[in-house]
Amino acid sequence: MVDFLSSLNPEQREAVLTTEGPLLIHAGAGSGKTRVIAHRTAYLIAEKKVPSWNILAVTFTNKAAQEMRLRVQKLLRDQQFSSTPWVLTFHSLCVRILRQDIEKLGQGYDRTFTIYDQDDSVRVVKNCIKDLGIDQKLLAPRPTLGAISAAKNRAQSSNLYAASADYLDERRAAISRVYELYESRLRDNNALDFDDLLLKTVRLLENSKEVREKYNHKFQYILVDEYQDTNPLQFRLIELLTQKQKNICVVGDEDQSIYKWRGADISNILNFESKFPGAKTIRLEQNYRSTQVILDAAGSVVGHNFQRKGKSLWTSNPRGERVRYHQAPSAEAEARFVAQCILDHRESQFDIRAAVLYRTNSQSRLFEEAMRRVGLSYNIVGGFSFYERREVRDITAYLKLALNPNDSVALQRVINSPPRGIGKSTIEILERRAKDAGVTLWEAISQLVEQPEGLGTRAVSALKQFRSLVKELRQISLAAAGADARHPLMLVSDVVKETIIRTGYDELLKLENTDEAIARLDNLQELVNAAVDYDDRGEEGLREFIDHAALVSDADDYKQDVPVTLMTAHSAKGLEFPLVFIVGLEQGIFPHSRSVGDEGELEEERRLAYVAMTRAEKYLYVTHATSRRIYGAELASEPSQFLNEMPLDLIEDFSPGNSWLSFARSSKQINYDSTERKKFTGKTYDNVASIQEFFNLRGVQMGQVKREGGLEAGNTGRSGQKSRLFGNEEPSAERATEFVPGSYVRHAKYGRGLVLRREGAGDSTKLTVSFPGYGQKKLIQKYAALERD
DNA sequence: TAAAGAAAGTTTTTT
DNA sequence: ACTTTCTTTA
């Protein structure tokens, strides 16, 4: 045990040893936070002899929970302990509580409730808007759900929301009606959305003394990770769980608060001491992760925030190399640069782990393609996750339906998929019947089968077929749900397999036999595999498996040893990589267009940039493209202001030719000549290969100036691989004579102008050009008689 | 009812 | 550009 504490610095040790009473740990990026949490938990169990079931650790993401669970397990195993405490996300904690006690809430819910993910919720909201006869243009489903979700996260019921709506605010009034209907629909379906998981748990703990005392008794020690991201509801939950004991330890970093848009309230961390009197505060400020240069660059960016207390993060790590900068002509070239760079790094260190961080998921595609092209295996976090694939969702909807046939959303999803002859008109009749009789869709099916008013025999037999399918699935599902002990217990994986076969999915896809169908079949096989894993882990039952599928939105079980991980800056929080690329550093992308102009939101973007930069241990690359396609149109894009907020002398230019950086430097009138000449790209050209590289590099620079000319030369050499690094565009003759966004043109009447936007191709190519003194003009390239300038 | 064609919206970040 | 959703047609 002594040894186990000796690996910690004094502040960390204090954080581990302070087990009693409220404790706030300000943990800067890379300050060994996870280590401290793991050690603290292990210390409680091994040294303080606290039973593991009395300890609760809460995180925001499954990834973080899993990571922490592993760390604690490992430490405890070393100490010969086998049991692990609850390490859960807020949402999964609430599911556990509600699956036990939701009936005591008295809102008509029972413990077999289903969880609606965002997609399900949007569907319900959409139907509500339609059924209320509200104009879809006034109220789009997604923003409406957003408003409802925000209200829920303020613990605002539909009544309260309606009361708070201004009589003149038509939109808000409309939303409150949707909110009310939405709530009643969820209740009818015995379903909870993501926010309800928290809200209903809070209500339950508030209203039931019995339940509150039960969990207060159970959780003697509570720990909350990423505390700066808690919203009012989550805070309330913590408050309710710590009424009896005050052994509450929270860990956070205000500089890493990046979820304000989701209702996170930074005052939770700023006012912790007043909310929990007698709280002790510990600051972890030594960074063990990154080089000094990386910390300086990141600190400089976040230092531009005004709403910041400011703290000093220091490291005893080496200074390290400068941040590397690359300007690419296009988003494709940027991706190619990154892929090639990773290959180069892996040549000198074969097992280096790299991360590519982007602002929005939509940017992932190009990087996926680039990685695939150079044969780098990669892991993609978030975005279109496995459980969001249509076929996977369909099968889970069948499973949900089997456990809860009254789940109308699941029913609507699968009633005609695979196609079984229940078309739009039949569904309409079904819906009307359900409404008239005041029953669920499932019950309405039975009614219609008995009295088929206005339905053809074909439709009736299709409905019958569907009804018996669901009943059949219900039989086998209950066996696996553990709800019926008389049945021989069935494995979850068997149920999943049976469902795929009996619904006809298997047959349909096999018959189709296209590439896409095969891929879908693979996905379903993957779902079966997930279930097999689940069975192996000895987890409880089908219900829990479905909960898991609903709450695990990204492919959380991502492999650590994959060379490249692609993800958003948000999902990178808490992770670290020796080699990090932050891409798409352009105004409107990062910072995102929705936040430029709003200083508060811009500060959040800056913190996000800070989070992204501090993921890097050794090498940090920052890249941007001067032009990229957005909604099919090519747009010129400006470098991110965050680039300019880094100390330029900490940046090394890896761009071919004249880049924004060289421009920025000259305009800042800093003299880099002495250092820059000696180390042109930070490499010394002292062997044949690198001299060749140098010339290739030069070749590309020349090529940019006179594109049509012998550009190929750089690519034909054996070391052509290297020159590809610097993203010269495919040298097609067409491309070379065209005017790309970001380039300058000369017009007979308007003079010199900057190409902003390019749409269409061939003769119909349209250009938007900005001419000083004349403004923006839209020109048809064919007729405008433009010249390069 | 299903398939083919047209129109519209899409991209902020997560459970 | 791309995908989803609505509309028309066989």
Heteroatom pairs (N/O) under 3.5 angstrom, protein to nucleotides 9-12 of chain B:
residue: dT12(B); atom: OP1; partner: R594(A); partner atom: NH1; Å: 3.2
residue: dT12(B); atom: OP2; partner: H592(A); partner atom: NE2; Å: 3.4
residue: dT12(B); atom: OP2; partner: R594(A); partner atom: NH1; Å: 3.4
residue: dT12(B); atom: O4'; partner: H592(A); partner atom: NE2; Å: 3.3
residue: dT12(B); atom: O2; partner: R359(A); partner atom: NH1; Å: 2.9
residue: dT12(B); atom: O2; partner: R359(A); partner atom: NH2; Å: 2.0

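F90(A) comes within contact range of no nucleotide atom at all, as no heavy-atom separation falls under 4.0 Å. Within the nucleic acid shown, Q363(A) has no heavy atom closer than 4.0 Å to any nucleic acid atom.
By the 6.0 Å and 45° rule, R99(A) stacks over the aromatic ring of F113(A).
The separation between E604(A) atom CD and dT13(B) atom P is 13 Å, rounded to whole Å. What separates NE2 of H548(A) from P of dT15(B) is a distance of 12 Å, to the nearest Å. Per the geometry, CD1 belonging to I546(A) stands 20 Å off P belonging to dT15(B), to the nearest Å. E226(A) places its CD atom 12 Å from the P atom of dT15(B), with the value rounded to the nearest Å. Straight-line distance from the CG atom of L366(A) to the P atom of dC2(C): 11 Å, rounded to whole Å. The distance from atom CZ of R96(A) to atom P of dT15(B) is 17 Å, rounded to the nearest whole Å. The interatomic distance linking I589(A) (CD1) with dT13(B) (P) rounds to 13 Å, in whole Å. In this entry the distance linking CZ of R123(A) with C1' of dT5(C) reads 12 Å, nearest Å.
With sequence neighbours left out, Y358(A) forms a ring-ring contact (aromatic ring centres under 6.0 Å, His included) with no residue at all.
Toward the 5' end of DNA chain C, the nearer of the two residues K126(A) and R365(A), judged by each one's closest nucleotide, is R365(A). Between D195(A) and R420(A), the residue whose closest nucleotide on DNA chain B is further toward the 5' end is R420(A).
Considering only side-chain N and O atoms, N416(A) lies under 4.0 angstrom from the phosphate OP1 or OP2 of dA2(B). Contact annotation: S92(A) side-chain N/O to dT15(B) OP1/OP2 distance is not under 4.0 Å.
To the nearest whole angstrom, the two P atoms, one in dT4(C) and one in dT13(B), are 16 Å apart. Taking atom P in both dC6(C) and dT11(B), one finds a spacing of 16 Å when rounded to whole Å.
With respect to the salt-bridge test (charged N to carboxylate O, under 4.0 angstrom), the residues K33(A) and D225(A) qualify. Between K510(A) and E507(A) there is no salt bridge, since none of the side-chain N atoms of the basic residue sits less than 4.0 Å from a carboxylate O of the acidic one.
Across all non-hydrogen atoms, the minimal contact from A151(A) to Y179(A) is CB-CE2, 4.0 Å. Here the shortest heavy-atom pairing between V414(A) and R420(A) reads O-NH1, 3.0 Å.
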Show me the donor-acceptor pairs, under 3.5 Å and distance only, between side chains in residues 230-238 of chain A and residues at least two apart or in other chains.
residue: T230(A); atom: OG1; partner: Y227(A); partner atom: O; Å: 2.7
residue: T230(A); atom: OG1; partner: N268(A); partner atom: ND2; Å: 3.1
residue: N231(A); atom: OD1; partner: L233(A); partner atom: N; Å: 2.9
residue: N231(A); atom: OD1; partner: Q234(A); partner atom: N; Å: 2.9
residue: N231(A); atom: ND2; partner: N153(A); partner atom: OD1; Å: 3.0
residue: Q234(A); atom: OE1; partner: N231(A); partner atom: N; Å: 2.7
residue: R236(A); atom: NE; partner: E206(A); partner atom: OE2; Å: 2.9
residue: R236(A); atom: NH1; partner: E239(A); partner atom: OE1; Å: 2.9
residue: R236(A); atom: NH2; partner: E206(A); partner atom: OE2; Å: 3.3

